Amino acid sequence: MKPVCLVIGAGAGIGGTVGAKFAAEGYHAVLCRRSDEEGLQKLVGAIEGAGGEATGFLMNATEDNAIEERVAQVEAEIGPIDTAIYNLGAQIGNRSLAETPPGTFELGWQLGCFGLYRLARCLFPKMVERGKGTLLVTSSTAAMRGNAGQHSHAASFGGRRMLCQSLNAEFAPQGIHVAHIIVDGSVDAPDTLGKLLGPERFQQLRDTQGAKDGLLLPEKIAETYYHLAQQHRSVWTHELDVRAHTDIPWFNSSAIARSVASEI
Ligand SMILES: NC(=O)c1ccc[n+]([C@@H]2O[C@H](COP(=O)([O-])OP(=O)(O)OC[C@H]3O[C@@H](n4cnc5c(N)ncnc54)[C@H](OP(=O)(O)O)[C@@H]3O)[C@@H](O)[C@H]2O)c1
């Protein structure tokens, strides 16, 4: 039986591409996404067409028990989950505080933080019993600093980062590897950034930034994820950041730092 890689939030960007990488390396990829049945079948079909194993589920991860029921079903019907990828984003574009009503803020928290707690709470007891498991958590610049218009996103992702650290403290000694991966820049992700920007602006971004490798490529991110999942426990990475060579890091990205950097 192949080890299972469960992806919560699998579009054509990071989630689906990481699933495809794990499938190519001998895992059974279980891809879960909210609404796009055609997109889901395309991802599953591409993995199977390449000789890999994959199963796709449509699910809204914020619904009561959706994550818990999916984990139970996958464990019972497909096999033990060796690696889980928590890839749900909570970016809703820049919104002032006045444009961030309670429901919007709370949804960000559900996607950014609470869903991760729910996944760990139902999956980790099984991994502890097996003495091993990996949870790779996609994150973003918003986990590292707040910003105007990012109230919901930054608050929920700050929580995501701290939850990863807390989970690591409790579960690393029990054999579970949790890695928080800060994706510090725009990704060539048609199902998320592409939809947020609209086709015209997304194509412009690909033609400008993408043409000089200024967009993070999901295929390259997937190589990092696979490497993380294979690390020996004497050298586990708990946090890392990835960004394009054209960008400057989140901790150096104020307007002053940008202008200084451009003069060097
Ligand atoms: N894209 C970027 O520029 C960027 C930059 C920095 C960090 N990140 C991080 O990267 C991760 C996302 O990766 P990606 O942007 O490449 O996206 P992706 O893997 O291409 O797609 C993510 C998928 O998540 C699914 N999803 C959203 N809400 C869901 C829900 N409630 N339940 C189940 N599935 C849900 C969507 O499915 P449907 O399409 O079917 O609705 C979407 O296709 C996030 O953690 C984000 O913070 C992205």
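For ligands, and for the atoms within them, numbers begin at 1 and follow the listed sequence. Quick caveat, the model's predicted, so the values are computed rather than measured.
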- Residue, atom name and distance, where the atom is the protein heavy atom closest to atom 10 (O) of ligand 1: T138 CG2, 3.3 Å
- Note on the structure: Among non-hydrogen protein atoms, atom 15 (O) of ligand 1 lies closest to T192 OG1, 2.6 Å
- Query: Is it the case that more than 12 heavy atoms not belonging to N65 sit under 6.0 Å from its CG atom?
  - Reply: yes
- Would a 4.5 Å heavy-atom cut-off, applied to side chains only, mark T192 and V187 as touching? no
- Note on the structure: protein heavy-atom neighbour closest to atom 35 (C) of ligand 1 works out as L88 CD2, 3.3 Å
- Task: With atom 8 (N) of ligand 1 as the reference point, say which of S186, G89, S139, P190 has the nearest heavy atom.
- Result: S139
- Task: Report yes or no: do Q204 and E200 form a side-chain donor-acceptor pair below 3.5 Å?
- Result: no
- Message: Can a side-chain donor-acceptor contact be found between H227 and Q230 if the only test is distance below 3.5 angstrom?
- Response: no
- Search all heavy atoms of L205 against all heavy atoms of L193 and return the closest pair with its distance. CD2-CD2, 3.7 Å
- Can you list the atoms of ligand 1 that are under 4.0 Å from a heavy atom of S35? 38 (P), 40 (O), 41 (O)
- Is ligand 1 under 4.0 Å from a heavy atom in the side chain of T141, in the backbone, in both, or in neither? neither
- Message: Are the side chains of T138 and I181 in contact, using a 4.5 Å heavy-atom criterion?
- Response: no
- Query: Quick check: does I14 get an N/O under 3.5 Å from an N/O on ligand 1?
  - Reply: yes
- Please could you name the atoms of ligand 1 that R33 approaches to less than 4.0 Å, counting only its heavy atoms? 33 (C), 34 (N), 37 (O), 38 (P), 39 (O), 40 (O), 43 (O)
- Query: Counting heavy atoms only, which of D36, L197, I67, N60 comes nearest to atom 31 (N) of ligand 1?
  - Reply: N60
- Salt bridge flag under 4.0 Å for residues R161 and E239: yes
- Note on the structure: To atom 11 (C) of ligand 1, the nearest of N87, T17, L40 on a heavy-atom basis is N87
- Task: Heavy-atom distances under 4.0 Å are what count here, so tell me which part of M59 touches ligand 1: side chain, backbone, both or neither.
- Result: backbone
- Task: Find all atoms of ligand 1 within a distance of less than 4.0 Å from any non-hydrogen atom belonging to G15, and give their numbers and elements.
- Result: 19 (O)
- Item | F157: numbered ligand 1 atoms lying under 4.0 Å from its heavy atoms | 47 (O)
- Query: Salt bridge check: are E38 and K42 linked by an N-O gap of less than 4.0 Å?
  - Reply: no
- Query: Q73 and R70: side-chain donor and acceptor closer than 3.5 Å?
  - Reply: yes
- Task: Could you tell me whether the side chains of H177 and T134 share a donor-acceptor contact shorter than 3.5 Å?
- Result: no
- Looking at A143, G9, G194, the heavy atom closest to atom 24 (O) of ligand 1 belongs to G9
- Query: Under 3.5 Å, N or O to N or O, is A90 touching ligand 1 that way?
  - Reply: no
- Query: Looking only at heavy atoms, is any part of A12 under 4.0 Å from ligand 1, and if so is it the side chain, the backbone, or both, or is it neither?
  - Reply: backbone
- Mark up the atoms of ligand 1 that fall under 4.0 Å of a heavy atom belonging to V183, in ascending order. 6 (C), 7 (C)
- Near L111 (heavy-atom distance under 4.0 Å), the atoms of ligand 1 are 31 (N)
- Query: Do the ring planes of F114 and W109 sit parallel (below 30°), tilted (30 to 60°) or perpendicular (above 60°)?
  - Reply: parallel
- Item | Test: K2 and D82 ion pair at under 4.0 Å | no
- How far is atom 5 (C) of ligand 1 from its nearest protein heavy atom, and which residue and atom name does that atom have? G185 O, 3.0 Å
- Item | Heavy-atom proximity to atom 7 (C) of ligand 1, best of G11, C32, S140 | S140
- Note on the structure: So the atoms of ligand 1 within less than 4.0 Å of a heavy atom of G13 turn out to be 16 (O), 18 (P), 19 (O), 20 (O)
- Message: Under a 4.0 Å threshold between the charged nitrogen and the carboxylate oxygen, would R34 count as salt-bridged to D36?
- Response: no
- Under a 4.0 Å heavy-atom limit, does V187 contact ligand 1 with its side chain, its backbone, both, or neither? both
- Starting from atom 32 (N) of ligand 1, find the nearest protein heavy-atom neighbour and note its residue, name and distance. A61 N, 2.8 Å
- Nearest to atom 34 (N) of ligand 1, what protein heavy atom do you find, and at what distance? R34 N, 3.2 Å
- Message: Between Q209 and S186, is there a side-chain donor-acceptor contact under 3.5 Å, judged purely by atom types and distance?
- Response: no
- Below 4.0 angstrom from a heavy atom of R160, which ligand 1 atoms are there? Numbered from 1 as shown, please. 45 (O)
- Does a salt bridge link E223 with K220, judged by any charged N lying under 4.0 Å from a carboxylate O? yes
